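Lettering of chains follows the sequences in order, A, B, ..., and the numbering in each one begins at 1. Bear in mind the structure is a predicted one, so any value in this text is a computation, not a measurement.
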Amino acid sequence: MSETPRKILVTSALPYVNGSPHMGHLVEYIQTDIWVRFQKLLGNDCIYVCASDAHGTPIMLKAREQGITPEELTAGYSKEFKNDFADFNIEFDNFHTTHSPENEALVAGMFERLRETGDIYTRTIEQSYDEKEGMFLPDRFVKGTCPRCKSEDQYGDACEVCGATYSPEDLIDPVSVLSGTTPVKRESEHYFFRLSEYEDRLRDWMSHAALDKNVVAKLDEWFQAGLQDWDISRDAPYFGFRIPGTENKYFYVWLDAPVGYMASFKHLCDRTDGLEFDDYWDPDSDAEVFHFIGKDIMYFHTLFWPAVLKGSGYRQPTSVYAHGFLTVNGQKMSKSRGTFIKARTYLDNLHPAALRYYYAAKLGPTIEDIDLNLEDFVARVNSDLIGKLVNIASRCAGFINKKFDGRLTDSLPDESLFAEFAAASGTIAGHYEKREYSKAMRLVMALADKANRYIDEYKPWVMAKDEASLPDVQRVCTQGLNMFRSLMIYLSPVIPTVAEDARAFLNEDAWRWDDASEPLLGSTLQKFKPLLTRIEADQVQRMVEQSRETAPVAKEETQDDTISIDDFMKVDMRIAKIEKAEPVEGADKLLALTLDVGDSQRQVFAGIKAAYAPDALVGRHVIVVANLAPRKMRFGVSEGMVLAAGPGGEDIFLLSPDDGAKPGMRVK
RNA sequence: GGUGAUGUAGCUCAGAUGGUCAGAGCGGCGGACUCAUAACCCGCAGGUCGGUGGUUCAAUUCCACCCAUCACCA
């Protein structure tokens with residue numbers, strides 16, 4: 001590594017500080033921290049910044065609910081995040097907040113530039129409005145009864161019980177969460193960003209951003225659908241930055257959040273000699289900028305963000321690295337199952353290195369979800385970290401310290417074996433660089449197996465019984481400890497504190513990546529202390545118990561496959577007459593049907609294009625599920641489902657009533 | 001519904017331009033050892049590679065459809 005160090009700026013997504021950090025958050029910060037530590041170990045100039053995402057309606061309202069200011073609320077959670085991150089050995093160079101003067105200045109500046117270039121315009125839109133509170137309501141702040149499953153107290157965008165998605169006006173008896181009154185529709189002028197004009201520039205960015213193929217696939221999908229302009233303003237009251245030149249308009253939180261990356265970096269520059277903001281953010285900067293994010297916020301980071309940066313005269317990200325979500329025991333995290341585990345609850349029971357290693361052992365560069373299987377977690381960490389890795393040092397240290405005053409020999413008995421460990425350096429570094437952590441971990445553990453086999457082959461405990469072969473004991477253990485040392489250096493980005501302790505035991509000052517390829521000889525060791533202890537199953541058990549919020553309510557689930565007549569009657573099936581049928585542009589299988597259901601007309605999308613010609617359908621009577629929750633699709637809203645049988649494709653057969661049935665009649 | 005991803009041994013995951021590509025680790029079983037945090041070492045374990053069709057001399061690997069899970073639909 002003799003070339004000039006790379007200048008790299010790395011970010012993790014800014015945590016939204018309206019709650020405590022949990023195991024899901026940690027996937028991203030651990031993934032990023034490993035990468036940053038690896039770069040630093042190589043000798044690169046790598047800077048890792050983050051910040052609290054502190055704006056938006058949820059924070060404003062939660063603060064109001066608790067009777068404190070948003071600043072107080074976010075300061076509290078920010079502190080939690082900072083402390084928990086620190087205790088998980090996640091080492092930021094700076095952790096700031098989006099509610100900062102640096103961010104406000106940057107956002108205002110970017111907005112000005114975008115306005116000058118004509119990328120900002122205004123348009124009047126209609127939204128739910130709470131007259132009593134005097135504010136517009138995001139979907140999440142309208143609640144009501146789910147139109148599909150009739151569960152009460154559901155949000156305006158989706159039902160948590162049955163999973164239906166809809167818009168606030170579809171709710172039965174919609175009420176404002178804030179005042180309990182019925183929301184009305186009201187118009188307001190909003191600011192828009194002309195994302196639609198950016199396709200070419202974004203494609204250009206994509207072509208050299210080295211994005212993961214899954215990310216590219218997603219981008220292509222969005223391009224195909226056509227980019228829509230982006231509403232970047234919100235009406236007062238709102239917790240955020242006021243749009244310059246307006247009285248009561250604020251920047252939408254998602255506009256200022258990514259700017260928070262720059263603001264945090266700016267904040268660091270202002271306090272650091274020789275670190276220049278422009279060196280990293282000028283359009284012709286030779287520094288690299290990487291954003292680590294979750295797959296759910298790709299839209300913001302691969303479309304809006306590069307477009308806004310381009311439009312306002314800054315450089316764009318070198319790449320955006322998206323990861324998947326965390327499941328626990330194969331399922332979404334759940335408070336009732338005790339698998340919604342807060343970072344702090346974990347730390348109260350277990351060592352951070354265990355989780356860092358487990359995540360590393362499962363992480364790759366793709367957007368696939370990773371599973372924290374708690375049984376596997378215990379087995380894997382104990383077996384790999386303690387049984388294999390730490391054991392190497394543990395079984396050699398005793399001989400060296402007791403028989404040889406802690407002295408290592410001046411040469412290795414098996415240099416070619418050590419050379420294998422040294423040679424792995426490049427491969428492992430390549431894996432880290434490409435975020436193929438699981439491959440790196442596998443390779444390291446395969447080498448650990450090899451080290452244990454070596455010790456087993458020479459059996460120092462047997463040789464130690466014979467004075468004559470005592471020197472061989474020292475040599476074999478020196479070999480063993482050197483293999484251990486190289487592996488610890490390779491793992492130090494993953495388990496930094498354990499590596500620190502190992503380094504102290506080996507009596508060395510500091511490690512660089514390349515040290516792993518050179519043996520440590522002739523020096524004296526410190527006393528050996530256990531570097532890590534085994535995880536006991538009851539530690540995990542306790543953590544789960546502490547995470548279980550309420551006694552699980554035993555849901556009465558029907559054991560067999562039958563349903564009651566009541567269940568059946570929930571399905572409101574009606575006779576409908578097809579008034580109109582036409583193909584849907586952009587959909588291979590869909591036909592858009594306009595149905596007469598007696599008292600009204602409705603539009604339904606049906607996947608029957610391959611089986612029926614549109615003209616042949618007009619005038620036909622069919623059966624439609626009338627109380628299915630309306631479903632918002634790319635092509636419009638579908639307000640029901642037409643019944644048909646068959647495996648699909650051309651083999652689909654619509655159900656029809658006998659002559660005499662009239663539109664609107666109920667099927668029962 | 002559309003789009004994308006995923007579905008391989010009990011568990012967690014590798015893998016191939018289609019033909020020694022059916023694998024690793026853990027668990028399990030048997031054996032050996034006692035230096036080591038009951039760690040380590042040796043051996044064994046037979047999963048129709050989600051399902052159904054198709055292409056092919058040959059498919060788990062290609063295609064179509066279906067099912068399940070996850071995500072996005074701004």
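Between the side chains of A/Lys362 and A/Tyr358, at least one donor N or O sits under 3.5 Å from an acceptor N or O. A/Ser196 and A/Asp229 share a donor-acceptor pair across their side chains, judged by distance under 3.5 Å alone. Looking at A/Asp384 and A/Tyr357, their side chains do bring a donor and an acceptor atom within 3.5 Å of each other.
Atom P of nucleotide B/G10 and atom CG of A/Asn329 are separated by 18 Å, given to the nearest angstrom. Distance, A/Ile455 CD1 to B/C40 P: 12 Å, rounded to whole Å. The distance from atom CG of A/Leu470 to atom P of B/C35 is 15 Å, rounded to the nearest whole Å. The distance between atom CG of A/Asp456 and atom P of B/G43, rounded to the nearest whole Å, is 12 Å. Put simply, CZ on A/Phe484 is 16 Å from C1' on B/C40, counting in whole angstrom units. When rounded to the nearest whole Å, the span between NZ of A/Lys388 and C1' of B/G27 equals 13 Å. Nucleotide B/C40 holds its P atom 10 Å from the CG atom of A/Asp384, rounded to whole Å. One interatomic measurement links the two molecules: CZ of A/Arg395 to P of B/C35, which rounds to 11 Å at whole-angstrom precision.
B/C42 sits 10 Å from B/C26 when the P atoms are compared, rounded to a whole Å. If you take atom C1' in B/A22 and the same atom in B/C49, they sit 7 Å apart, rounded to whole Å. Comparing the same atom, C1', in B/G18 and in B/A38 gives a spacing of 47 Å after rounding to whole Å. On the P atoms, B/U60 is 12 Å away from B/U20, given to the nearest whole Å. With C1' as the reference atom, B/G53 and B/G15 are 26 Å apart, rounded to whole Å. For B/C33 and B/G19, the C1' atoms lie 44 Å apart once the distance is rounded to whole Å. Between B/A14 and B/C73, the two P atoms lie 27 Å apart (nearest whole Å). Only the P atoms considered, B/G10 is 15 Å distant from B/G28, to the nearest whole Å.
Within 4.0 Å (heavy atoms only), A/Ser383 reaches sugar-phosphate atoms of the nucleic acid but no base atom. Contacts of A/Asp371 with the nucleic acid, taken as non-hydrogen atoms under 4.0 Å apart, involve only primed sugar atoms and P, OP1 or OP2. In this structure, A/Glu368 reaches the sugar-phosphate backbone alone: every heavy-atom distance under 4.0 Å involves primed, P, OP1 or OP2 atoms, never a base. Counting any heavy atom pair closer than 4.0 Å across all strands shown, A/Asn382 reaches no nucleic acid atom. Note on A/Leu195: nothing from the nucleic acid sits closer than 4.0 angstrom, heavy atoms only. Nucleic acid contact class of A/Gly387 (heavy atoms, under 4.0 Å, all strands): sugar-phosphate only. Using a 4.0 Å heavy-atom criterion, one finds that A/Lys459 contacts no nucleic acid atom at all. Using a 4.0 Å heavy-atom distance criterion, A/Pro530 is classed as a base contact. Looking at heavy-atom distances under 4.0 Å, A/Val462 makes no contact with the nucleic acid at all. A/Ile386 comes within contact range of at least one nucleobase, with a heavy-atom separation under 4.0 Å. When heavy atoms are screened at a 4.0 angstrom cut-off, A/Leu303 is found touching no nucleic acid atom at all. Across all strands shown, A/Asp369 has heavy atoms under 4.0 Å from sugar-phosphate atoms exclusively, and none from any base. Residue A/Phe325 is classed as a sugar-phosphate contact, given heavy-atom separations below 4.0 Å to backbone atoms only. Within the 4.0 angstrom heavy-atom criterion, base atoms lie near A/Gly226.
Pair assignment for B/C72: B/G2, on the basis of Watson-Crick or G-U wobble contacts that are both within less than 3.5 Å. Under the Watson-Crick and G-U wobble criteria, each requiring two contacts below 3.5 Å, nucleotide B/U34 is left unpaired. The pairing partner recorded for B/U48 is none, the criterion being a Watson-Crick or G-U wobble arrangement whose two distances lie under 3.5 angstrom. Base pairing of B/C62: its partner is B/G54, meeting the Watson-Crick or G-U wobble criterion (both donor-acceptor distances under 3.5 Å). The partner of B/C40, taking Watson-Crick or G-U wobble pairs whose two distances both stay under 3.5 Å, does not exist in any strand shown. For B/U20, there is no paired base (Watson-Crick or G-U wobble, both distances below 3.5 Å). In this structure, B/G7 and B/C67 make a Watson-Crick or G-U wobble pair, each of the two defining distances being under 3.5 angstrom.
Contact annotation: the side chain of A/Ile370 approaches that of A/Val27 to within less than 4.5 Å [non-hydrogen atoms, C-beta and beyond].
Relative to the six-membered ring of A/Phe192, A/Arg123 meets both conditions, a distance below 6.0 Å and an angle of at most 45° to the axis.
With B/C70, B/C40, B/U12 as the choices, the nucleotide that has an atom nearest any side-chain atom of A/Lys332 turns out to be B/C70. Among B/G25, B/C40, B/U37, the nucleotide with an atom closest to any side-chain atom of A/Asp376 is B/G25. The side chain of A/Trp222 lies closest to B/C72, out of B/A39, B/C72, B/U34. Checking B/G25, B/A39, B/C72 against the side-chain heavy atoms of A/Asp296 singles out B/C72 as nearest.
Here the two rings, on A/Tyr121 and A/Tyr191, have centers that are 6.0 Å apart or farther.
For the side chain to side chain donor-acceptor pair (under 3.5 Å) with A/His323, the qualifying choice from A/Glu28, A/Gln31, A/Lys295 is A/Glu28, the only one to do so.
Between A/Arg453 and B/C42 there is a side-chain polar atom (N or O) within less than 4.0 angstrom of OP1 or OP2. Residue A/Arg534 places at least one side-chain N or O closer than 4.0 Å to OP1 or OP2 of B/A39. For A/Lys362 and B/C13, the shortest distance from a side-chain N or O to OP1 or OP2 is below 4.0 Å.
Nearest-nucleotide mapping onto RNA chain B: of A/Gly398 and A/Lys295, the residue sitting toward the 5' end is A/Gly398. Of the two residues near RNA chain B, A/Arg442 and A/Ala448, the one whose nearest nucleotide lies more 5' is A/Arg442.
Annotation for A/Leu470 and A/Phe404: closest pair O-CZ, 3.3 Å, computed over non-hydrogen atoms.
Heavy atoms of other residues, nucleotides or ligands lying less than 6.0 angstrom from CD of A/Glu375 number 12 at most.
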